[in-house]
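Please read the structure below before turning to the comments.
Reckoned from all heavy atoms, side chains included, excluding hydrogens, waters and symmetry mates. We number each residue from 1, following the sequence as shown.
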Amino acid sequence: QLQLVESGGDLVQSGGSLRLSCVPSGFTLDYYAVGWFRQAPGKEREGISCISYPGRNTKYADSVKGRFTISRDNVAHTVSLQMNSLNPEDTAVYYCAATRNPYSPCGIGEGHYDFWGQGTQVTVSS
């Protein structure tokens with residue numbers, strides 16, 4: 001079964017940092033663009049960042065620009081999301097998603113993506 005597995009979610013104080021990871025199961029991330037999304041309680045899922053394959057193109061939502069950095073290791077088949085200066089509004093379940101779309105710009109709309117992970121909880125306390 002093809003799926004993605006997120007890790008790295010935790011409880012952190014406001015101003016702190018976390019690093020999320022996304023790894024594939026049953027396939028590799030060769031030729032796949034990867035996006036990160038989040039869903040806070042009572043809110044719709046929000047696209048926050050993406051990275052193309054092999055990694056020349058990245059995008060960020062305004063809500064995380066300048067604080068979050070997406071990267072990928074194409075040898076280890078891992079995509080990471082470094083999150084700095086976290087605040088309580090960043091509290092959400094974070095999901096990664098993938099779509100086979102090599103050498104093209106990525107997008108942060110949900111409709112771009114075919115495979116999704118189960119999510120990892122990030123909680124930021126004030």
Side-chain angles (χ1 to χ4, degrees):
Q1 185 176 358
L2 307 182
Q3 61 182 8
L4 297 166
V5 180
E6 303 94 337
S7 63
D10 206 344
L11 170 64
V12 64
Q13 288 189 334
S14 185
S17 298
L18 284 175
R19 187 175 182 88
L20 304 184
S21 293
C22 174
V23 296
S25 176
F27 69 112
T28 71
L29 288 178
D30 289 341
Y31 308 117
Y32 282 84
V34 175
W36 282 98
F37 297 78
R38 68 184 181 185
Q39 188 166 21
K43 294 188 177 181
E44 293 186 354
R45 190 154 55 186
E46 171 193 18
I48 57 173
S49 185
C50 68
I51 188 165
S52 64
Y53 180 86
R56 294 188 181 91
N57 171 247
T58 59
K59 288 183 181 176
Y60 298 93
D62 289 343
S63 57
V64 306
K65 198 172 293 183
R67 300 187 298 124
F68 291 11
T69 302
I70 192 169
S71 61
R72 65 187 301 157
D73 182 334
N74 292 331
V75 175
H77 299 291
T78 300
V79 172
S80 298
L81 185 69
Q82 178 67 40
M83 307 189 297
N84 298 329
S85 302
L86 287 163
N87 59 65
E89 289 69 40
D90 295 315
T91 295
V93 178
Y94 283 71
Y95 301 89
C96 65
T99 183
R100 187 178 174 90
N101 188 26
Y103 311 111
S104 299
C106 62
I108 55 174
E110 287 191 42
H112 289 279
Y113 295 91
D114 304 308
F115 302 106
W116 292 80
Q118 295 298 310
T120 186
Q121 177 70 47
V122 172
T123 303
V124 185
S125 63
S126 58

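The main-chain N or O of E110 is never found under 3.5 Å from a side-chain atom of R45 such that the two would form a donor-acceptor pair. At least one donor-acceptor pair under 3.5 Å links the side chain of Y60 to the backbone N or O of I70. Under a 3.5 Å cut-off, the side chain of N57 and the backbone N or O of C106 do form a donor-acceptor pair. Put simply, the side chain of S49 gets close to the backbone of K59: a donor and an acceptor are under 3.5 Å apart. Of the possible polar contacts, none joining the Q13 side chain to the S125 backbone as a donor-acceptor pair under 3.5 Å is found. Side-chain atoms of R67 come within 3.5 Å of backbone N or O of S85 as a donor-acceptor pair. A side-chain donor-acceptor contact under 3.5 Å links E6 to the backbone of Q118.
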Apply side-chain contact (heavy atoms from CB on, under 4.5 Å) to residues L20 and M83 and explain how you reach the verdict.
CA-CA 8 Å; L20 304 184; M83 307 189 297; 3.8 Å; yes

Working for side-chain contact (heavy atoms from CB on, under 4.5 Å), residues L18 and V124
CA-CA 10 Å; L18 284 175; V124 185; over 6 Å; no

So Y94 and F37, side-chain contact (heavy atoms from CB on, under 4.5 Å) or not? Walk me through it.
CA-CA 6 Å; Y94 283 71; F37 297 78; over 6 Å; no

Residue pair L81, F68: steps toward the side-chain contact (heavy atoms from CB on, under 4.5 Å) verdict:
CA-CA 7 Å; L81 185 69; F68 291 11; 4.1 Å; yes

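Transitive grouping of hydrophobic side chains (ILVMFWY, heavy atoms separated by less than 4.5 Å) keeps Y95 and I51 in distinct clusters. Hydrophobic clustering keeps Y53 apart from V23 (ILVMFWY residues linked when any side-chain heavy atoms are closer than 4.5 Å, directly or through intermediates). Taken together through direct or relayed side-chain contacts under 4.5 Å among Ile, Leu, Val, Met, Phe, Trp and Tyr, L2 and V34 form part of one hydrophobic cluster. Y113 and V64 fall into different hydrophobic clusters, defined by Ile, Leu, Val, Met, Phe, Trp and Tyr side-chain heavy atoms under 4.5 Å apart, directly or through other members.
Rounding to the nearest 0.5 Å places CZ of R38 at 4.5 Å from CD of E46. For the atom pair F27 CZ and Q3 CD, the distance stands at 9.0 Å (nearest 0.5 Å).
No side-chain heavy atom of S52 sits less than 4.5 Å from a side-chain heavy atom of P105. Two residues are said to be in side-chain contact when any heavy atoms from C-beta on lie closer than 4.5 Å; Y103 and P54 meet this criterion. Within the 4.5 Å cutoff, the side chain of L29 has heavy atoms near those of the R72 side chain. Between N101 and H112 the shortest side-chain heavy-atom distance does not fall below 4.5 Å. At least one side-chain heavy atom of W36 sits under 4.5 Å from a side-chain heavy atom of V79. You'll find the side chain of T69 stays beyond 4.5 Å of the side chain of T58, heavy atoms only. Looking only at side-chain heavy atoms (C-beta outward), L11 and Q121 stay at 4.5 Å or farther from each other.
Checked by atom type, the side-chain pair S14/N87 shows no donor-acceptor distance below 3.5 Å.
Residues forming a side chain to side chain donor-acceptor pair (under 3.5 Å) with T91 (at least two apart in sequence, or on another chain): none.
In this structure, H77 and N74 approach most closely via the heavy-atom pair CE1-O, 3.6 Å. Taking all atoms of both residues into account, the shortest heavy-atom contact from V12 to G16 is CG2-CA, 3.9 Å.
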